[in-house]
Amino acid sequence: MKLTLKIWRQDGPTAKGRFETYEMPAVVPDMSFLEMIDVLNERLIAEEAEPIAFDHDCREGICGSCSMMINGIPHGPERGTATCQLHMRKFKDGQHITVEPWRARSFPIIKDLAVDRSPLDRIIEAGGYISAPTGAARDANEILIPKEAADAAMDAAACIGCGACVAACPNGAAQLFTAAKYSHLSLLPQGQPERWTRAIGMVDEMERWFGSCTNFGECETACPKEISIDFIALLNRDYIKAQFKNRRLSGQKS
Amino acid sequence: MSKVDNAQRYVGAPRPAPAKKDGPFFVMFWRSAVGKKWIMAVTGIMLIGFVFAHMLGNLKIFLSASSIDHYAEWLRTIGYPILPETGVLWILRAGLLGAVLLHIWAAASLTRMNRSARPNGYKSPREYVAADFAARTMRWTGIIVMLFIIFHLLDLTWGQTGVEEFKTGDVYNNIVNSFKRVPVAIAYIIANIAIAFHLYHGAWSMFQSLGINSPRFNPWRRGFSIGVASIIAIGNISIPLLVVTGVVK
Ligand code: HEM
Ligand code: SF4
Ligand code: FES
């Protein structure tokens, strides 16, 4: 396959970036998108040029590192697919492909296509956990969980924290990520004790970094794990409920 | 070959906005974006209720002149004599004004928040998959509606737009004399198309904002928003359309 790539190059966080065009004369259709960039990078290194910086790790769609905007869609045109799982056979011979980093105030560009997504970790720290004293493993069926709840929690837990939802959102909102990370705990019995402090903690932290959701639904279509915006409704409802549920214990002074 | 600039080292994530300060419950609620969206949805429902009732009342113009004039008179006297005349009308007006102000205030504040979430936008064209025209133009249709509300009050409440023989209370003639002016009729029609787009997204989106979500009823939400938007648009547009075409005189 012959392809023309237009890739965003930026030397550092404050440098002025630019698009650079690369001709790819012999792309194998079975390559993944990242493997194609590997081939390009090997060529750049051989030419003693600076290779393109991009994040990647697992290359099997589970780590959430491989962030890039491909022809205006996070992770490219294939639904439910992370960039590392996107194969070049999905593109047409002779096609022009434009690649850009995620753009959001809280995802500053480190270099080229690599951005810093650590603000998502700040949201997790604000409530995306359960406090469980460790000890011997408990019996697997000791806590009964309805199948439906387990399934829904599992769907939410599929989030790999890639940030495509933020990248896709015209408002730069992180509502889908936060809703997924909120729901997979709050749908299960183990997540109940901290449910209401979790809702307030995660939403308040999210709003310090990201935009506000106007229900475009763009995140859901970009998400490589196809997380549903139904979880956003759950997060919204629980945040409002939490305003009333976080009562102080009787007899305690404010 | 591009040079690596060692001064160009990455120094760490940006700073977040300051944490919310503690305050009274309602202030805290308002300070959160999720809270503001909840208020937008609640005030949106109030406004939909108003626009719908307003439309039903106006459709009386097709029954007879005395019918709509009598309805306008009734609005002034609901609850009378236990309440002062126009008492209920003023309560409704205050509620509406409050709802509109909260709705617009929240919209403006959230818009500012969203702009600052991506100060440096994409440099290549975006390909939107789900965000439809109605959703992407909420701020514009909202502004059109707001300007229209001001014009509409000047026109038919205060008679400041040069309506022939304007007389407060003479509702039928005021409407006919206003809408037979072609540019005015077009303005009313455009404004109602804007409301229809606003509600196509709004009457769907409010369920998400309120957290009303159940797999059993989710497929109905889009139908509901299409229904609300088209009933309001068709009902309201029929009046200027039939007046300007001379069917209603
Ligand atoms: C007066 C000027 C108005 C402005 C500036 C305005 C602006 C907006 C904006 C910016 C949104 C948020 C859009 C989003 O989150 O996607 C919104 C939502 C909404 N608006 Fe308005 N609007 C106005 C009037 C109205 C009126 C008259 C109605 C009812 C007939 C209405 C009903 C709604 C509803 C139901 C929502 C959805 C709330 C939600 O998503 O939770 N709006 N409006
Ligand atoms: S919700 Fe989807 S798009 Fe967002 S971070 Fe998680 S996996 Fe990525
Ligand atoms: S590299 Fe891990 S998800 Fe793509």
Side-chain angles (χ1 to χ4, degrees), chain A residues 6 8-9 11-15 17 19 47-50 69 71-73 77 98 100 103-106 108 110-111 116 118-119 122 168-173 203-205 207-222 229-230 232-241 243, chain B residues 1-5 7-20 25 28-29 31-38 109-111 113-132 135-136 138 201 204-215 218:
Chain A
K6 217 173 98 185
W8 185 260
R9 303 301 311 264
D11 298 337
T14 53
F19 278 113
E47 292 168 358
E48 297 195 7
E50 188 68 15
M69 204 76 182
N71 279 347
I73 301 181
T98 309
E100 235 192 297
R103 292 198 191 266
R105 183 194 64 215
S106 298
I110 299 171
K111 192 176 174 188
D116 180 356
S118 62
R122 303 290 90 76
C169 179
N171 303 317
V203 168
D204 283 352
E205 185 65 21
E207 291 177 355
R208 295 177 68 192
W209 299 91
F210 296 100
S212 131
C213 175
T214 63
N215 306 316
F216 279 117
E218 202 59 34
C219 50
E220 185 182 54
T221 65
I229 56 171
D230 290 356
I232 294 182
L234 177 70
L235 176 70
N236 289 345
R237 184 171 63 207
D238 276 9
Y239 183 78
I240 305 294
K241 267 198 201 163
Q243 304 288 340
Chain B
M1 175 184 159
S2 62
K3 265 268 181 299
V4 196
D5 178 358
Q8 274 283 335
R9 288 280 171 230
Y10 185 65
V11 287
R15 276 174 214 290
K20 261 195 324 185
F25 170 73
M28 293 296 282
F29 191 77
R31 277 188 191 138
S32 85
V34 172
K36 281 201 196 75
K37 273 308 299 242
W38 189 85
S109 143
L110 293 176
T111 303
M113 175 175 172
N114 294 340
R115 294 265 151 84
S116 78
R118 184 176 290 127
N120 184 12
Y122 287 102
K123 304 293 180 280
S124 57
R126 279 296 313 273
E127 173 94 23
Y128 288 116
V129 184
D132 55 37
R136 281 185 282 135
M138 284 302 271
H201 180 66
W204 173 85
S205 158
M206 64 189 192
F207 290 105
Q208 284 288 107
S209 305
L210 296 173
I212 300 175
N213 184 300
S214 146
N218 284 353

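Each chain gets a letter, A, B and so on, in the order the sequences are listed, and its residues count up from 1.
- Of the two parts of B:R136, the backbone and the side chain both hold a non-hydrogen atom closer than 4.5 Å to a non-hydrogen atom of chain A.
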Next on the checklist: Set out, in order, the CA-CA distance, both residues' side-chain angles and the distance that settles side chain to side chain contact (heavy atoms under 4.5 Å, CB included) for B:Y10 and A:D116, then state yes or no.
Outcome noted: CA-CA 9 Å; B:Y10 185 65; A:D116 180 356; 2.6 Å; yes
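- Residue A:E100 touches chain B through its side chain alone, counting heavy-atom pairs closer than 4.5 Å.
- Distance check, rounded to the nearest 0.5 Å: OG of A:S106 to CZ of B:R15 gives 12.5 Å.
- Ranked by heavy-atom pairs under 4.5 Å with chain B, the list A:V203, A:D238, A:I73 is led by A:I73.
- Within the 4.5 angstrom heavy-atom criterion, only side-chain atoms of A:S118, from C-beta onward, approach chain B.
- The structure places OH of B:Y128 at 7.0 Å from CZ of A:F216, a figure rounded to the nearest 0.5 Å.
- Atom CD of residue B:Q208 and atom OG1 of residue A:T214 lie 11.5 Å apart, to the nearest 0.5 angstrom.
- Of the two parts of B:K123, the backbone and the side chain both hold a non-hydrogen atom closer than 4.5 Å to a non-hydrogen atom of chain A.
- Within the 4.5 angstrom heavy-atom criterion, only backbone atoms of A:F210 (N, CA, C, O) approach chain B.
- For chain A, the nearby parts of B:S116 are the backbone and the side chain; heavy atoms of each come within less than 4.5 Å.
- Contacts of B:P18 with chain A are made by backbone atoms alone, with heavy-atom separations under 4.5 Å and no side-chain atom involved.
- Within the 4.5 angstrom heavy-atom criterion, only side-chain atoms of B:N218, from C-beta onward, approach chain A.
- Ranked by heavy-atom pairs under 4.5 Å with chain B, the list A:I232, A:L235, A:I229 is led by A:I229.
- Note that CD of A:E218 and CZ of B:R126 are 5.5 Å apart. Values are rounded to the nearest 0.5 Å.
- No part of B:T111 comes within reach of chain A, as not one of its non-hydrogen atoms sits under 4.5 angstrom from that chain.
- Looking only at distances, no side-chain donor or acceptor of A:R103 sits under 3.5 Å from a matching main-chain atom of B:R118.
- Annotation: maximal heavy-atom pairing with chain A below 4.5 Å, among B:S32, B:G35, B:S214, occurs at B:S32.
- Rounding to the nearest 0.5 Å places OH of B:Y122 at 12.0 Å from CH2 of A:W8.
- Ranked by heavy-atom pairs under 4.5 Å with chain A, the first of B:P215, B:S124, B:A135 is B:S124.
- Residue contact with chain A, scored on non-hydrogen atoms closer than 4.5 Å, involves the backbone and the side chain of B:P14 alike.
- When the candidates A:M69, A:E220, A:R237, A:E207 are compared by the number of heavy-atom contacts under 4.5 Å with chain B, A:E207 comes out ahead.
- Ranked by heavy-atom pairs shorter than 4.5 Å toward chain B, the options A:A222, A:C219, A:C169, A:A173 are led by A:C169.
- Highest contact tally toward chain A, considering only B:A130, B:P16, B:A117, B:G211, is held by B:P16 [criterion: heavy-atom pairs under 4.5 Å].
- Summarising the geometry, atom CD belonging to B:E127 is positioned 11.5 Å from atom OG1 belonging to A:T98; distances are rounded to the nearest 0.5 Å.
- Contacts of A:D230 with chain B are made by both backbone and side-chain atoms, with heavy-atom separations under 4.5 Å.
- With contacts defined as side-chain heavy-atom distances shorter than 4.5 Å, the pair A:Q243/B:F29 qualifies.
- Contacts with chain B were tallied for A:G217, A:G211, A:S212; A:S212 has the most, counting heavy-atom pairs under 4.5 Å.
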